Structures are given as C-alpha cells and as structure tokens.
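Reading through the structure tokens given below for one structure.
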Amino acid sequence: MAAVNRKWSFVVAANRLPVRRVWEGDTARWVPSPGGLVSALRPVMSGNPDAVWAGWTGVPGPGAEPFEVDGFQCHPVSVSQGELQLFYEGFSNATLWPLFHDALVPPEYHRTWWDAYRTVNQRYAATVADLAAPSATVWIHDYHLLLVPGLLRTARPDLRIGFFLHIPFPARELYIRLPWRAAIIDGLLGADLIGLQTQLGADNFRRAAARVTGAKIIGKTIHHEGRATRVDAIPIGIDTGRIARLAADPAVQARATEIRHTLGSPGTVLLGVDRLDYTKGIDARLRAFKELLSEGRLSAEDCIMVQIAEPSRSQVTGYAEVRNSVEQLVGDVNGNFGVMGRPVVHYLHQSQPIEELVAMYQMADVMLVTPLRDGMNLVAKEYVASRADNTGVLVLSEFTGAAQELKTAELINPHDIEGLKTAMEAAVHRSDDEAGVAMKAMRRVVRTNTAQRWAEGFLTRLEACR
Ligand code: G6P
C-alpha cells in the first residue's frame with residue numbers, strides 16, 4: 001500500500017494510471033495495463049520504493065486511496081463525470097486530439113471544455129506538487145496534461161520536470177488556430193525537457209513556441225522568460241523482449257497455426273490491428289482491398305483480411321462515424337466477395353490480449369498499418385518483433401512516427417488509394433528473399449530502440465538539463 005502523505009523522488013503523471021480494472025463475477029481487481037508506456041516505465045518504477053504514478057483510474061468519481069499493483073505505486077487523481085465529458089471527451093479528445101492529428105475531423109473549441117481542462121490540470125499539478133520530495137524528478141505524459149509543467153514550475157521551482165508528447169505536434173499553421181495557444185505553450189515551457197516522437201514534431205513545437213510567445217530558439221533549446229527548455233525527438237520503443245518471448249512460446253505458435261486454419265488456410269493473410277479511431281486509416285485500407293478484389297488483382301479465394309478494431313472513445317465526435325463507415329465497408333466486401341462460411345474480411349470490434357495479438361502477428365503475411373497521422377504506432381513495431389524468422393511484409397504509412405525508423409517497410413501515402421493498392425498487391429507477391437532483407441533491417445531497429453532504452457534515454461537527458 002502506498003503511504004498517504006509520503007514524498008517521492010520520482011513522480012510520473014499521466015491521464016491514466018498504469019492499471020485497469022478487471023471483473024471476475026462481482027469482484028473487481030486491478031491488473032497492470034498492457035500499454036507501451038507501462039512496459040517502458042516498469043524497469044524504473046516497478047519495485048522502486050521512491051517512485052509513484054499519479055493518474056486517473058478510468059472510473060469517474062471521487063479519487064480512491066493510493067494503492068499498489070505489481071510493484072507500481074498508484075496515486076489516483078479524481079475526475080468527475082462532468083469532467084470526463086468536458087476535459088477527457090471534450091478538450092482532450094475533441095479539441096487537442098483532432099487538431100494535433102492534422103484536423104482530420106474539425107477540432108471543436110468550447111470555453112467550457114477549456115475551463116474543465118484547466119481545472120483538471122491544476123488538480124494534477126497540485127497532486128504532483130504534494131507528492132514530490134525536494135528536488136524530485138517528475139515526468140509528465142501526453143496531451144491531457146499540457147498545462148501541468150508550467151503550473152508545477154510555479155508551485156515547485158526546485159523540481160526537475162520532463163514532459164513527453166506521445167502524439168504528433170502539428171504544423172504551426174494548424175496549431176495557431178487554437179484559441180488557448182499561448183497558455184498551452186507557456187504550460188509546456190515549464191518543463192526542462194520536452195520529448196517528441198519525431199524531428200518534425202520537435203521542429204513544429206519550436207516554431208510554434210517562437211511564433212506564439214516570441215521565445216528565442218538556440219539550437220534545440222527554447223529560451224523564454226529566463227528559463228531554458230530543451231526540445232528533442234526521443235522516439236518511443238516497445239518491450240521487444242516480451243514480444244519476442246511470446247513469439248517463441250509454443251502455445252502462441254500453436255495458436256497462430258490454429259487461427260490460420262480457422263480462416264480456411266488461405267494463401268495470404270493481411271492483418272490490421274488498431275484502436276477504432278479515424279486517424280488510423282482503417283477505411284482506406286478496406287477500400288483498397290475491395291478495389292483490388294474487384295479488379296481481380298487479388299483473389300478472394302487466396303487472400304483473407306483480418307481487422308481487429310479495439311473499441312475506443314465511443315462518445316467522442318468522429319468515432320461513431322468511423323465505426324459505421326468501417327462496418328459498412330466490411331459488409332460490402334463480404335457481401336460481394338465472400339462465400340457461405342468464408343468471409344473475406346474477418347472483423348472483430350473487440351480488444352485482444354497480447355498473447356492473441358502476437359499469434360495474429362505470427363500468422364499474418366502482410367501487416368497493414370495505414371494511419372493518416374500517428375505519433376508513433378507501436379503495432380508496426382510489435383509485428384516486426386514477432387517475426388523471428390524474418391518473414392512477413394509491413395505496409396506502413398509514411399505519416400506515422402514509426403516510418404522514421406522502419407525505413408525498409410513498404411512505405412505508403414494512405415491518401416493515395418492507387419499507391420496503397422499497388423503497395424498491398426506488391427506486398428502479397430513479395431519474394432521471401434526481398435521480404436527477409438527488409439525485415440532483418442527493421443528487426444535491428446526494434447531490438448535497439450526498446451521501450452526501456454527510451455525511458456532511460458529520456459531520463460538521462462533530463463538529468464543533464466539543469
Ligand atoms: C493514445 C494516447 C494515449 C492514450 C491511448 C488510448 O495512444 O497517446 O495517451 O492513453 O491513445 O486512449 P484512451 O483515450 O483510451 O486513453
């Protein structure tokens with residue numbers, strides 16, 4: 001049990017705690033979340049007696065008492081039902097998320113959402129200020145908490161503050177539409193180090209900061225009001241070891257064979273695994289697949305597509321629409337090209353445990369990762385980490401952070417449907433030799449830049465900042 005009132009020398013703050021609730025009958029218990037951030041921080045947090053994680057439990061209402069799960073000390077921050085709508089669904093996911101993803105759906109600007117965003121960020125800052133020991137290191141994560149570094153700097157000038165943005169930072173021309181653009185830049189500039197997924201994101205941020213606040217940029221550092229903030233591209237990795245261990249597990253391998261058999265042992269399986277989000281380009285890939293079948297360039301007897309779409313943010317603008325469009329396309333392809341007992345697209349609107357995902361990665365010949373915009377995309381990296389025999393082709397959108405590292409993937413522009421079709425067709429017919437060379441190079445990348453190295457790298461740079 002994490003003690004109330006104690007002080008910690010390392011504090012992480014993120015919108016979500018590293019745990020989720022699972023129900024067994026009528027009893028609920030906390031288990032560690034599967035996400036990339038949790039694996040990245042496990043080595044520096046789990047079992048560390050000086051580290052605590054502040055965040056939301058995912059359940060609206062008054063905050064629970066601090067607790068411990070799997071070595072993670074968790075300090076819940078409360079978010080009320082009203083704040084869930086205004087702060088989480090509203091400002092975070094219907095203003096910032098679309099704006100930072102190139103306004104793929106129009107961002108909405110509401111003053112009530114902004115007020116709630118400020119209130120929740122103030123609560124986080126006050127919580128962290130209270131938890132942090134003198135001169136502690138604090139690491140704040142993602143777009144839900146953009147104001148926290150600045151608020152915290154004012155309350156606790158002694159702290160060393162790092163911030164990492166997991167999503168893209170948009171072009172300055174887009175960013176400056178935000179009515180609260182200056183407050184957000186000021187909030188971020190409370191940090192000593194800001195990490196972004198790509199060089200482009202880091203450049204965009206520096207340019208926006210200079211335009212909005214008149215800050216001076218010298219090299220990678222922003223100088224503003226007597227403070228310096230270093231801005232670096234520090235791309236996140238995955239827990240490669242864990243994925244590799246699962247891929248080597250005979251039970252997972254047997255499951256891969258079984259899935260393929262269940263699909264009717266087709267010549268080629270194409271796979272998509274995404275949160276059901278309009279940024280992921282799921283509809284574009286289904287449309288491309290449908291046209292390839294109509295034009296006879298791929299055959300429904302030979303090629304099967306599997307699409308896992310994890311339910312996500314169903315109350316937020318744009319999500320119900322993308323679900324409708326994806327499900328219509330699935331119906332359309334199956335109606336036109338399926339035969340009794342054998343659909344061409346197998347679609348699951350369900351989340352899957354990691355063991356099942358790795359089995360799917362292993363049985364898929366072609367992995368389709370086609371977002372219109374994505375900060376990193378860890379699925380692309382997990383697919384690569386699962387392909388120990390160097391087989392398989394990754395079709396990857398150039399608008400993902402992952403494309404900056406996985407340069408030998410089959411890179412595509414998801415807006416260019418003809419280009420996407422050509423790449424998908426080529427991927428299906430790629431020779432093992434060619435695929436092997438590309439996969440080997442990508443596997444070197446995911447072995448080198450792991451989640452753990454990312455966390456260590458960030459913290460080492462943060463140490464060096466002040
Ligand atoms: C993205 C964000 C994360 C977020 C995740 C799931 O990866 O960068 O901060 O936790 O999506 O979204 P959710 O809204 O369910 O937390």
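As the structure is a computational prediction, the values presented were derived from the model and not from experiment. Just follow the structure's listing: the first ligand is 1, and inside any ligand the first atom is 1.
- Tyr361 is linked by a ring-ring contact (aromatic ring centres under 6.0 Å, His included) to nothing, counting only residues two or more places apart in sequence or in another chain.
- The salt bridge (Lys or Arg N to Asp or Glu O under 4.0 Å) analysis of residues 172-183, with sequence neighbours excluded, yields the pairs Glu173-Arg207.
- Counting non-hydrogen atoms of neighbouring residues, nucleotides and ligands closer than 6.0 angstrom, the CZ atom of Arg242 reaches no more than 12 such neighbours.
- Side-chain atoms of Ile176 and Val212, non-hydrogen and from C-beta on, do get closer than 4.5 Å to each other.
- Ion pairing between a basic and an acidic side chain is recognised when a charged N comes within 4.0 Å of a carboxylate O; Asp239 and Arg42 show no such pairing.
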Nitrogen or oxygen contacts under 3.5 Å, ligand 1 side and protein side:
from     : atom 1 : to     : atom 2 : distance (Å)
ligand 1 : 8 (O)  : Asp142 : OD2    : 2.6
ligand 1 : 9 (O)  : Asp142 : OD2    : 2.6
ligand 1 : 11 (O) : Arg313 : NH2    : 3.1
ligand 1 : 12 (O) : Arg313 : NH2    : 2.9
ligand 1 : 14 (O) : Tyr88  : OH     : 2.5
ligand 1 : 14 (O) : Arg313 : NE     : 2.9
ligand 1 : 14 (O) : Arg313 : NH2    : 3.4
ligand 1 : 15 (O) : Arg16  : NH2    : 3.1
ligand 1 : 16 (O) : Arg16  : NE     : 2.7

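- Applying the ring-ring contact (aromatic ring centres under 6.0 Å, His included) rule to Phe164 yields the partners His166, Trp454; only residues at least two apart in sequence or on another chain are considered.
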